[in-house]
Amino acid sequence: MAEFSAAESAFMARALRLAERGVYTAHPNPMVGCVLVKDGEIVGEGWHERAGEAHAEINALRAAGDKARGAIAYLTLEPCSHEGKTPPCAPALIEAGISDVVIAMQDPFPAVSGNGKAALEAAGIKVRSGLMEAAARALNAGFLSRVQRGRPFVRLKVASSLDGAIAMKSGESQWITGPEARDDVQRLRAKSGAILTGIGTVLADDPALNVRHEALDTRGRQPVRAVMDSRLRMPLSAGMLAMPGETIVYCTDDARRQALMDAGARVIRVPRAAGVLDAQQVLADLAGREVNDVLVEAGAAVSGNLLSQRLVDELVIYQAPHIMGSETQPMFSTPEWTRLADRLALDVMDVRRVGPDIRITAKIRD
């Protein structure tokens with residue numbers, strides 16, 4: 001494996017920070033940052049700001065101008081070498097006279113994977129890879145999941161009391177957590193390609209499932225709203241059907257298909273699995289629509305089903321500092337887990353205060 005200096009690590013860290021600026025707008029493309037360095041000084045930098053617009057390398061080359069000749073490029077992802085919505089980046093780096101390229105990770109997308117690196121090396125450019133690869137992979141976990149696993153990265157969000165209740169038995173749930181936590185959820189929505197819920201949540205709350213935080217610059221992009229609704233009980237008056245963006249209803253019985261389509265929904269029929277709508281097929285369909293990240297905001301049944309099938313990659317649990325008692329609804333409804341051995345093990349990645357509430361971020365342990 002190539003060795004890298006502290007200075008090179010600093011340049012790549014800068015490229016990763018630049019890449020993250022596309023968190024709300026680059027979708028469905030990966031977030032990419034590029035830093036051009038000559039004689040130890042940054043002469044140009046850029047990031048992929050929006051799908052269909054210039055890639056990070058092109059923006060950095062434009063910023064550097066003639067100073068790009070002889071510079072070293074630090075890239076968070078292998079440059080593309082194929083013609084897509086924008087011209088390929090590897091030839092642009094070659095034409096600009098870049099001398100060396102340092103890549104955090106190889107692009108797994110089949111049209112790119114290894115080809116960008118090969119094109120650079122064929123032009124006599126020295127290419128090294130692997131610098132801060134773990135950070136680069138974490139940054140684009142959703143894109144990697146879609147390309148490599150055929151399904152989006154699934155993030156399950158839950159808001160509960162300290163004793164694990166998500167609503168009173170009557171269904172009353174607004175609001176368990178404070179405004180700071182709800183603002184934080186808006187950020188999760190903004191960086192997601194789709195928000196997935198169940199028909200129970202739609203019938204109980206008529207949620208909008210949109211990004212409505214004015215400070216978040218999504219360039220007008222709204223995540224797809226996906227509803228798991230086996231028997232097509234979706235009300236024609238549901239608020240989300242009249243909102244900008246796309247609403248997809250997944251069902252097993254499509255008797256009301258045309259009425260819902262006339263109301264503004266896309267209706268997709270999927271098979272059953274173990275007596276319920278097949279969640280794996282839903283995720284596969286979303287991946288086929290170039291959805292990288294799915295945020296689940298659902299009730300106990302849908303959330304428990306996804307957890308039981310090990311389809312959740314990350315949990316984000318907001319816990320409010322109060323007790324709601326026994327006449328409540330739990331976070332998850334799961335199959336009969338009767339032994340300690342049945343429990344689902346988690347690795348807690350982060351715990352922090354969000355206003356008066358606590359946010360716990362955890363991953364399912366392999």
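None of the values given here were measured: they were computed from a predicted structure. For the numbers below, each heavy atom of this structure counts, side chains included, while hydrogens, waters and symmetry mates do not.
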Which side-chain N or O atoms in residues 152-162 pair as donor and acceptor under 3.5 Å with protein atoms at least two apart or in another chain?
from, atom 1, to, atom 2, distance (Å)
Arg155, NE, Glu314, OE2, 2.7
Ser161, OG, Asp163, OD1, 2.3
Ser161, OG, Ala165, N, 3.1

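- Among all heavy-atom pairs drawn from Leu295 and Ser192, the shortest one is CB-OG, 3.5 Å.
- Listed by first then second residue, pairs satisfying salt bridge (charged side-chain N to carboxylate O under 4.0 Å, His left out) with a partner in residues 141-154 read Arg149-Asp313, Arg151-Asp313, not counting sequence neighbours.
- In this structure a side-chain-to-backbone donor-acceptor pair under 3.5 Å is missing from Arg221 to Thr218.
- Listed by first and then second residue, the salt bridge (charged side-chain N to carboxylate O under 4.0 Å, His left out) pairs that reach into residues 268-284 are Asp254-Arg269, sequence neighbours excluded.
- Between the side chains of Gln281 and Asp285, no donor-acceptor pair is found at a separation under 3.5 Å.
- Sorted by first and then second residue, the side chain to side chain donor-acceptor pair (under 3.5 Å) pairs with a member in residues 229-247 read Arg225-Thr247, Glu246-Arg266; sequence neighbours excluded.
- In this structure, the salt bridge (charged side-chain N to carboxylate O under 4.0 Å, His left out) partners of Arg189, at least two apart in sequence or on a different chain, are Glu297.
- Atom CG in Leu209 sits 9.5 Å away from atom CG in Leu196 (nearest 0.5 Å).
- The salt bridge (charged side-chain N to carboxylate O under 4.0 Å, His left out) check on Arg310 picks up nothing, with sequence neighbours excluded.
- A side-chain contact (heavy atoms from CB on, under 4.5 Å) with Thr177 is found for exactly one of Asp357, Asp184, Val354, namely Asp357.
- Look at Arg353 and Glu180 and you find no salt bridge, because none of the NZ, NE, NH1 or NH2 atoms lies under 4.0 Å from a carboxylate O.
- Using cut-offs of 30° and 60° for the angle between ring planes, the Phe143 and Phe109 rings count as tilted.
- Scanning all heavy atoms of the two residues, the minimum distance from Ala19 to Thr76 falls at CB-OG1, 4.2 Å.
- Residue Arg219 places its CZ atom among more than 12 non-hydrogen atoms of other residues, nucleotides or ligands, all under 6.0 Å distant.
- Note that the SG atom of Cys80 and the CG atom of Asp107 stand 8.5 Å from one another [nearest 0.5 Å].
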Steps toward salt bridge (charged side-chain N to carboxylate O under 4.0 Å, His left out) verdict (Arg352, Asp350): CA-CA 7 Å; Arg352 67 182 63 198; Asp350 182 73; 2.8 Å; yes
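- Residues Ile176, Met324 make up the rest of the hydrophobic cluster containing Met168, defined by ILVMFWY side-chain heavy atoms closer than 4.5 Å, directly or through other members.
- In this structure, Leu188 CG and Thr361 OG1 are separated by 8.0 Å, a value rounded to the nearest 0.5 Å.
- Here the closest non-hydrogen pair linking Asn115 and Ser81 is CB-OG, 3.3 Å.
- For Lys126, the NZ atom counts as loosely surrounded, since its 6.0 Å shell holds 12 or fewer non-hydrogen atoms of other residues, nucleotides or ligands.
- A donor-acceptor pair under 3.5 Å is formed between the side chain of Ser303 and the backbone N or O of Gly299.
- Take Asp347 and apply the side chain to side chain donor-acceptor pair (under 3.5 Å) test, not counting sequence neighbours, and it matches Arg365.
- The backbone N or O of Ala255 lies less than 3.5 Å from a partner atom in the side chain of Asp253, making a donor-acceptor pair.
- Put simply, OG on Ser333 and CG on Leu307 are 11.0 Å apart, with the number rounded to the nearest 0.5 Å.
- Between Asn29 and Asn292, the shortest heavy-atom distance links the atoms O-ND2, 4.2 Å.
- Atom CG of Asp39 has 12 or fewer heavy atoms from other residues, nucleotides or ligands within 6.0 Å.
- Looking at residues two or more places apart in sequence or on another chain, you find no side chain to side chain donor-acceptor pair (under 3.5 Å) involving Asp100.
- With a 6.0 Å radius and a threshold of 12 heavy atoms from other residues, nucleotides or ligands, Gln148 has its CD atom above the threshold.
- Other members of a hydrophobic cluster containing Met243 are absent, since no ILVMFWY side chain comes under 4.5 Å of it, directly or through relayed contacts.
- Pairs engaging residues 19-37 under the salt bridge (charged side-chain N to carboxylate O under 4.0 Å, His left out) rule: none recorded [sequence neighbours left out].
- Contact detail for Leu75 and Met12: the closest heavy-atom pair is O-CE, 3.3 Å.
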Mind listing the side-chain donor-acceptor pairs of residues 58-72 below 3.5 Å, one per line with the distance, residues two or more places apart or on another chain?
from, atom 1, to, atom 2, distance (Å)
Asn59, ND2, Trp47, O, 2.9
Arg69, NH2, Glu95, O, 3.3

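- What you find for Ala56 and His48 is that their closest heavy atoms are CB-N, 3.7 Å.
- Atoms CE and CD1, from Met331 and Ile166 in turn, are 8.5 Å apart once rounded to the nearest 0.5 Å.
- The main-chain N or O of Ile317 is never found under 3.5 Å from a side-chain atom of Arg359 such that the two would form a donor-acceptor pair.
- To the nearest 0.5 Å, the span separating OG on Ser5 from CZ on Phe11 amounts to 8.0 Å.
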